[in-house]
Amino acid sequence: MSDKEKKEGGRERDERIRKLEELRRLGVNPYPYRFERTHSLIETMENEGSLSTDGASVSVAGRIMAIRGHGHTSFGNLKDGTGSLQFYIKDAGVDEKTWKTFRLLDVGDVVGLSGSLFRTKTGELTIKVKGLELLSKSLLPLPEKYHGLQDKELRYRQRYVDLIVNDEVMEVFRTRARIIDTIRSFLNERDFLEVETPVLQPIYGGAMARPFVTHHNALDMKLYLRIADELYLKRLIVGGMERVYEFCKDFRNEGMDRSHNPEFTMLECYAAYWDYNDMMEFVETLYQKLADEVLGTTKIKYGEQEIDLATPWRRLPFFESIKEKTGKDLREASEEELRKTAERCGINLEGVSGWVGLIDEIFSELVEPHLIQPVFITDYPVELSPLAKMHRSEKGLVERFEPYIAGFEMGNAFSELNDPLDQRERFEQQTRMRQEGADETHPVDENYLRALEHGMPPTGGLGIGIDRLVMLLTDSHSIRDVILFPAMRPETGRDG
RNA sequence: GCGCCGCUAGCUCAAUUGGCAGAGCAACUGACUCUUAAUCAGUAGGUUCGGGGUUCGAUUCCCCGGCGGUGUACCA
């Protein structure tokens, strides 16, 4: 036994192992193979009428969350994936072995109980235990019953304990599943085809971010974990899959904070013959439906903010949004003018360079934080968007939008650039920007260019950050609260 | 990366102007046949995150490190 194992749980663990051995001596297998349930706990409660009138027996299973002993009797609480039910056991009501077994149980043990339902004098539905089967002996104690598990580090590292004792955590992840399910139905109903594309990519692309790098031994080559699946999905559009989507785990080798985890979930979808206006309608309709189905209302609360997701959402061109804050149309402004405007607005420009960098900084500082109600920011400068199609009427802009809610960028969408020669030119511009010192630029992807040269129909494309969407709809304020196992540094030994 | 805050019993938290480290829950022993944060009596449980320094004495003060939280930066 390692030192670590000895320490973890300490004396209480030793005590439980002692009970385990005693149970075995009684002829009880503490880890049997299966148990036949007749009802989940929620079904038990819902069918109380029929179950208790004819004195029928029910069999339920779950984890013991509390034991309140009274000498010859005991009350306790059993919890399963659907709910919680009180149980009552009396030594005279069960055989001797069962009673002895019960006396060796602890809070945290998984058991199967059979018996009949009744109401206590305080009116609580309770199962009167006749049969009891230990299904799994727990060796480590659960956290304190009243305060639960508070320590954020432990909650993230031992999410299973968090889920056992903090019901609201379970609820967040049920909601997450409902959200994804609703999106999938929404897409399937509209004839989108769910596909899978490579996680390991020889050239990363579709976004601007630092990738994780890995190595393929058999091929002796460098591979990147995807930062996006965009370029693969658009190859499928070329191939004639007219509507495709993928729930895509993406990986970005960058900082972690309240809204960034190194691996996160993105939905990307593409529809041939759509443009970004179709995509805007699609997004607002989807969000309205999600709010309705998941929360039952489009009026949601996020922290102190009241947000209404009902359609239609405001459309606000990028430069228009900046004009609202600065009073100036900066589309034609020189770099010098941008710098002056930014400084006048009190923006710290340390480390910011170039026209694009400045305009982006001004937008981030002055506009973004105020985008609380749903809004589509549209028509971005071409330099910011190497994969988006030139605007049909506005020079220097592309047909791109980002939905913003509660100050969060919730996604990104374009009329996809399908002109292969223009796309090549954009990639080359990225390369020039890189040579001029830009940190992160989009690499040239010849393979993708060849696909475009075969002809991609006009296409609307969309990416939605699923984690942020779940945050919004569950009123969660850290991405770690909507990811079951968020990235953490490994636990170190006691010697640090 | 940087700033600030935190780390004390299995869990939730106290305490120390630097002087024997505490409570509640959980555990253990006992009492108790409708309790539900059960109750009552008792017992046990600590490398105060790790290392170093100052000191007669450090859990407390100082330095280095670890992990976490939070803000900020990066994320064209």
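Every chain is numbered from 1 and lettered A, B, ... according to where its sequence line falls, protein lines coming before strand lines.
Atom CD1 of Ile67(A) and atom P of C32(B) are 19 Å apart (whole Å). Atom CE of Met65(A) is separated from atom C1' of A26(B) by 13 Å (rounded to the nearest Å). With rounding to whole Å, Leu125(A) atom CG is found 17 Å from U35(B) atom P. In this entry the distance linking CG of Asp91(A) with P of C32(B) reads 11 Å, nearest Å. Whole-Å rounding puts the Ile64(A) CD1 to U36(B) P distance at 19 Å. Summarising the geometry, the separation between CG on Asp14(A) and C1' on A44(B) is reported as 13 Å, rounded to the nearest angstrom.
Residues meeting the side chain to side chain contact (heavy atoms under 4.5 Å, CB included) test with Ala388(A), sequence neighbours left out: Ser385(A), Val398(A), Arg400(A), Phe414(A). With sequence neighbours excluded, the residues that form a ring-ring contact (aromatic ring centres under 6.0 Å, His included) with Tyr224(A) are Tyr204(A). Under the side-chain hydrogen bond (donor to acceptor under 3.5 Å, both in side chains) criterion, Glu320(A) pairs with no residue at all, not counting sequence neighbours. With sequence neighbours excluded, the residues forming a side chain to side chain contact (heavy atoms under 4.5 Å, CB included) with Ser476(A) are Val172(A), Met471(A), Thr474(A), Asp481(A), Val482(A), listed by chain and number. Annotation: side chain to side chain contact (heavy atoms under 4.5 Å, CB included) contacts of Leu421(A) (sequence neighbours excluded): Asp419(A).
Residue pairs meeting the ring-ring contact (aromatic ring centres under 6.0 Å, His included) criterion with at least one partner in residues 142-167 of chain A, sequence neighbours excluded, do not occur; the list is empty. Legend: salt bridge (charged side-chain N to carboxylate O under 4.0 Å, His left out) pairs involving residues 157-173 of chain A, not counting sequence neighbours, sorted by first then second residue: Lys79(A)-Asp167(A), Glu153(A)-Arg157(A), Arg155(A)-Asp162(A), Arg159(A)-Asp162(A).
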Working for salt bridge (charged side-chain N to carboxylate O under 4.0 Å, His left out), residues Arg426(A) and Asp422(A): CA-CA 6 Å; Arg426(A) 302 282 193 93; Asp422(A) 188 1; 3.2 Å; yes
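Lys128(A) comes within 4.0 angstrom of nothing in the nucleic acid, heavy atoms only. When heavy atoms are screened at a 4.0 angstrom cut-off, Arg157(A) is found touching the sugar-phosphate backbone but no base atom. In this structure, Tyr156(A) reaches the sugar-phosphate backbone alone: every heavy-atom distance under 4.0 Å involves primed, P, OP1 or OP2 atoms, never a base. Contact annotation for Gln86(A): base contact, defined as any heavy-atom pair under 4.0 Å involving a base atom. Nucleic acid contact for Arg480(A): sugar-phosphate only, since backbone atoms but no base atoms lie under 4.0 Å from a heavy atom of the residue. Contact annotation for Phe363(A): no contact, since no heavy-atom pair falls under 4.0 Å across all strands. Counting any heavy atom pair closer than 4.0 Å across all strands shown, Leu142(A) reaches no nucleic acid atom. Within the 4.0 angstrom heavy-atom criterion, only backbone atoms of the sugar-phosphate kind lie near Met488(A); the bases stay farther away.
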Between the protein and nucleotides 22-24 of chain B, are there any N/O to N/O pairs under 3.5 Å, and if so, what are the atom names and distances?
none

Any protein N or O atoms within reach of nucleotides 71-75 of chain B? Criterion: under 3.5 Å, listing atom names and distances.
from: G71(B); atom 1: OP1; to: Arg258(A); atom 2: NH1; distance (Å): 3.4
from: C74(B); atom 1: N4; to: Asp257(A); atom 2: OD2; distance (Å): 3.3
from: C75(B); atom 1: O3'; to: Glu440(A); atom 2: OE1; distance (Å): 3.3
from: C75(B); atom 1: O2'; to: Glu254(A); atom 2: OE1; distance (Å): 2.5
from: C75(B); atom 1: O2; to: His260(A); atom 2: NE2; distance (Å): 2.8

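Atom NZ in Lys19(A) sits 9.5 Å away from atom CD in Glu22(A) (nearest 0.5 Å).
Using modelled atom types, one finds no donor on one side chain facing an acceptor on the other under 3.5 Å when comparing Tyr88(A) with Gln86(A). With 3.5 Å as the limit, one finds no donor-acceptor pair spanning the side chains of Asn47(A) and Ser50(A). A side-chain donor from one of Ser116(A) and Lys130(A) sits under 3.5 Å from a side-chain acceptor of the other.
By the 4.0 Å N-to-carboxylate-O rule, Glu246(A) lies close enough to Arg226(A) to be salt-bridged with it. Ion pairing between Arg119(A) and Glu48(A) holds under the 4.0 Å rule for side-chain N and carboxylate O. Ionic pairing of Lys137(A) and Asp109(A) is present here: one or more N-O contacts between side-chain nitrogen and carboxylate oxygen are shorter than 4.0 angstrom. Under a 4.0 Å N-O distance rule, the pair Glu394(A)/Arg331(A) qualifies as a salt bridge. Under the 4.0 Å criterion applied to side-chain N and carboxylate O atoms, Arg18(A) and Glu15(A) are assigned as salt-bridge partners. The pair Lys389(A)-Glu416(A) does not count as a salt bridge, with every side-chain nitrogen at least 4.0 angstrom from each carboxylate oxygen.
Open room surrounds CZ on Arg103(A); 12 or fewer heavy atoms of other groups in view lie less than 6.0 Å from it.
Taking atom C1' in both A31(B) and G50(B), one finds a spacing of 45 Å when rounded to whole Å. Taking the C1' atoms as reference points, C25(B) lies 16 Å from A44(B), given to the whole Å. Taking atom C1' on both nucleotides, A27(B) is separated from U59(B) by 25 Å, rounded to a whole Å. Taking the C1' atoms as reference points, C32(B) lies 45 Å from G69(B), given to the whole Å. For the C1' atoms, the distance linking U29(B) with U70(B) amounts to 46 Å, nearest Å. On the P atoms, U39(B) is 32 Å away from U48(B), given to the nearest whole Å. U54(B) and G18(B): their C1' atoms are spaced 11 Å apart (whole Å). Distance noted for atom P between A14(B) and A73(B): 32 Å (whole Å).
Taking the side chain of Leu154(A) as heavy atoms from C-beta on, and the options G68(B), U35(B), C11(B), the nearest nucleotide is C11(B). With A26(B), C67(B), C28(B) as the choices, the nucleotide that has an atom nearest any side-chain atom of Glu153(A) turns out to be C67(B).
Checking the phosphate oxygens (OP1, OP2) of C67(B), no side-chain nitrogen or oxygen of Lys152(A) falls inside 4.0 Å.
Across residues 68-76 of chain A, Arg68(A), Gly69(A), His70(A), Gly71(A), His72(A), Thr73(A), Phe75(A) each have a non-hydrogen atom less than 4.0 Å from an atom of RNA chain B (numbered order). Of the residues in residues 95-111 of chain A, not one places a heavy atom less than 4.0 Å from an atom of RNA chain B.
Positionally, the nearest nucleotide of RNA chain B for Asp151(A) lies more toward the 5' end than for the other of Asp151(A) and Arg18(A). Both Ala487(A) and Pro386(A) lie close to RNA chain B; mapped to their nearest nucleotides by heavy-atom distance, the more 5′-ward contact belongs to Ala487(A).
Within 3.5 Å, no donor on the side chain of Gln150(A) pairs with an acceptor on the base of U12(B), nor the reverse.
Consecutive Watson-Crick or G-U pairing (both distances under 3.5 Å) extending over three or more pairs maps onto RNA chain B as B:1-7 with B:66-72, B:10-13 with B:22-25, B:27-31 with B:39-43, B:49-53 with B:61-65.
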